[in-house]
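One structure below.
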Amino acid sequence: MISDTLFERARQVMVGGVSAGGRYNPSLKKPLLLSHADGCYMYDVDGNTWIDYHSCSGATLLGFNHPAIREALYKAIEKGFFINFESEYHAELCELISRMVPSAEKVRFANSGTEATLAAIRIARGYTGKKRIIKFEGHFHGMHEFVFYNWHNRLGTMAENKEISKVWDSGGMVDETDELITIIPYNDPEILEKTIIRYKDDLAAVICEPVMYNAGCIEPKPGYLEFLRKVTKEHGVVLIFDEVLSGFRMHPGGAQGYYGVTPDLTTLGKVVGCGMTIAAIVGKTEVMNALNPIGKVVVSGTYTGSLLSVMGAIAALKIINNPKVFEDLNTIGTYFYDNINALMQKYAIKGIVQGLCSRFGLYFGLEEKTNDYRVAAGAFDVEASQLFLKKVLDKHMYFHDFGRGITPMHSGITTAHTRPIIDESLQRIEDVFKEMKKEMK
Ligand SMILES: Cc1ncc(COP(=O)(O)O)c(C=O)c1O
């Protein structure tokens, strides 16, 4: 197969044959090597067509190769494609974001979600003059040392005061950053308040994924985000919503627009450019003014706000700034998730789909919906999940697969997933469940 030859070639010069570790697919035992992609279809180098449920880790909400974005990119190329200066387009994009995202009084660009959360934490530290951050177990905020803890490798140990022991998500982490972070469970107001009070003199920020999409899809309990907002405000702690994955996902204003809770700072990535290399830190003017050139916190970069990405992002957000987009995504998403749940019941496969609008998690082993991460992780049947992920590949459907995590990865639909494509997918999933049922006996 052409993919085997290309993979072998890549392995000679690329570690593991991949340019991003997460692109190695444990079930395929190689990455998926694509020739091109369009809408919700991906075309591999061996001539196969795939239905996409990965959507580039959630970036391509409008599907691959959207004509409006393509047109904007051509326009940017004519203007000189890479210009490391400001332009009228930069302010236009910030105005758009500001109209859409409630906390976005001011905007600063970054190149990736990881860079954005790193910057947001630095702003919070610069603004408060304090060091510690609180992070929640199971939340993911990118791969820098200040946050790369307790995501989905294993549960930490819970102490009597309900703090959770630190679990590094990568080799190469250092003990020194352990001292700057406290990990607690999400969705428990009492633990939250007690922990904030315990550390308030040293606490710069609480960072969270308002919807835990990086653990599949776990929503905040009713009232929890409001309480989080209230208690951080009371104690002078900066509240950061990491909306790199939840931003523009279920509402034009992201999770903060959807739940009606406004943080001090927000990080945006992925859908903000629908595939362009762009991210943003946005927030209240008072806090954002900690940034240079007004304040002393330095956040800058050669490629930050590159013209190509900015113009692509404007085209994407102009489409996304429309509640109808999310109504339609919600309708098709709910139809998809309900029908997968019905198929699970039909074939007596223990599990449930939890989804909110355009993203979802397949919780094999879980029988009732939950917003408790530890309940989801405790019930998760990793063997069934791995079997499913392997078998859908045979049917040429691509789901996010990072291997043996303790909760599912997030999967997603895009505006290119029409009802006939969803019905075709449900047929293939039914075939997978039939086979799983036989093999799991
Ligand atoms: C919530 C969240 N924060 C941060 C990141 C890191 O973003 P990036 O991969 O662009 O560095 C991700 C990526 O999946 C994410 O989901």
Side-chain angles (χ1 to χ4, degrees), residues 18-23 53-61 101 103 108-124 133 135-153 169-170 181 186 205-220 225 239-250 254-256 258 263 265-283 299 301 303-306 309 312-313 316 356-361 373 399-403 405 407-412:
V18 284
S19 49
R23 269 178 221 161
Y53 286 100
H54 174 278
S55 62
C56 294
S57 303
T60 49
L61 186 74
V101 181
S103 66
R108 174 66 55 95
F109 293 126
N111 296 291
S112 69
T114 296
E115 207 187 286
T117 62
L118 180 65
I121 289 168
R122 190 181 303 152
I123 294 168
I133 60 164
K135 174 199 176 285
F136 298 96
E137 187 179 44
H139 293 214
F140 175 69
H141 302 297
M143 301 197 178
H144 60 81
E145 276 71 2
F146 291 129
V147 288
F148 207 13
Y149 290 88
N150 299 66
W151 175 28
H152 70 173
N153 287 327
D169 286 322
S170 171
I181 189 164
Y186 195 53
V206 175
I207 186 167
C208 74
E209 278 189 86
V211 178
M212 295 179 68
Y213 279 123
N214 274 292
C217 175
I218 296 178
E219 281 196 66
L225 290 178
L239 177 58
I240 306 170
F241 276 8
D242 178 0
E243 295 227 44
V244 168
L245 195 45
S246 62
F248 316 106
R249 179 73 57 204
M250 75 301 277
Q256 58 198 266
Y258 182 74
L265 293 177
T266 304
T267 48
L268 301 169
K270 303 196 192 263
V271 179
V272 75
C274 275
M276 295 303 96
T277 312
I278 189 162
I281 312 104
V282 308
V299 171
Y303 293 109
T304 305
S306 95
S309 298
L356 174 60
C357 200
S358 53
R359 267 197 121 62
F360 63 97
Y373 175 71
F399 285 72
H400 216 153
D401 181 4
F402 256 14
T407 50
M409 279 303 290
H410 52 95
S411 300

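Bear in mind the structure is a predicted one, so any value in this text is a computation, not a measurement. Counting convention: from 1, in listed order, for ligands and their atoms alike.
- Atom OG1 in T277 sits 11.0 Å away from atom OH in Y303 (nearest 0.5 Å).
- Taking 4.5 Å as the limit, some side-chain heavy atom of Y213 sits within range of a side-chain heavy atom of M250.
- Residue-ligand proximity: K270 is placed with a non-hydrogen atom under 4.0 Å from ligand 1.
- Residue-to-ligand polar distances place D242 within reach of ligand 1: an N/O pair is separated by less than 3.5 Å.
- Using a 4.5 Å heavy-atom threshold, the side chains of F140 and D242 count as separate.
- Counting heavy atoms under 4.0 Å from ligand 1, residue Y213 does not touch it at all.
- Just one residue in the list Q256, E209, K270 forms a side chain to side chain contact (heavy atoms under 4.5 Å, CB included) with E243, and that residue is Q256.
- Which parts of ligand 1 touch S112 is read off a 4.0 Å heavy-atom cut-off, strictly below it: atoms 10 (O), 11 (O).
- Residue A215 comes nearest to G138 through the heavy atom pair CB-O, 4.3 Å, listed as atom of the first residue, atom of the second, then distance.
- In this structure, atom 16 (O) of ligand 1 lies nearest to the protein heavy atom N214 ND2, 2.8 Å.
- F146 and H144 have perpendicular rings, their planes meeting at more than 60° on a 0 to 90° scale where under 30° would count as parallel.
- Less than 4.0 angstrom separates atom 9 (O) of ligand 1 from none of the non-hydrogen atoms of the protein.
- In summary, the atoms of ligand 1 found under 4.0 Å from a heavy atom of E209, numbered by their order in the structure, are 1 (C).
- Taking the six-membered ring for Trp and thresholds of 30 and 60 degrees, H139 and F136 have ring planes inclined between 30 and 60 degrees apart.
- Among protein heavy atoms, the minimum distance from atom 11 (O) of ligand 1 is reached at T114 OG1, 2.7 Å.
- Less than 4.0 angstrom separates some heavy atom of G113 from each of these atoms of ligand 1: 6 (C), 7 (O), 8 (P), 10 (O), 11 (O).
- Counting heavy atoms closer than 4.0 Å to ligand 1, residue H141 contributes backbone atoms (N, CA, C, O) but none from C-beta onward.
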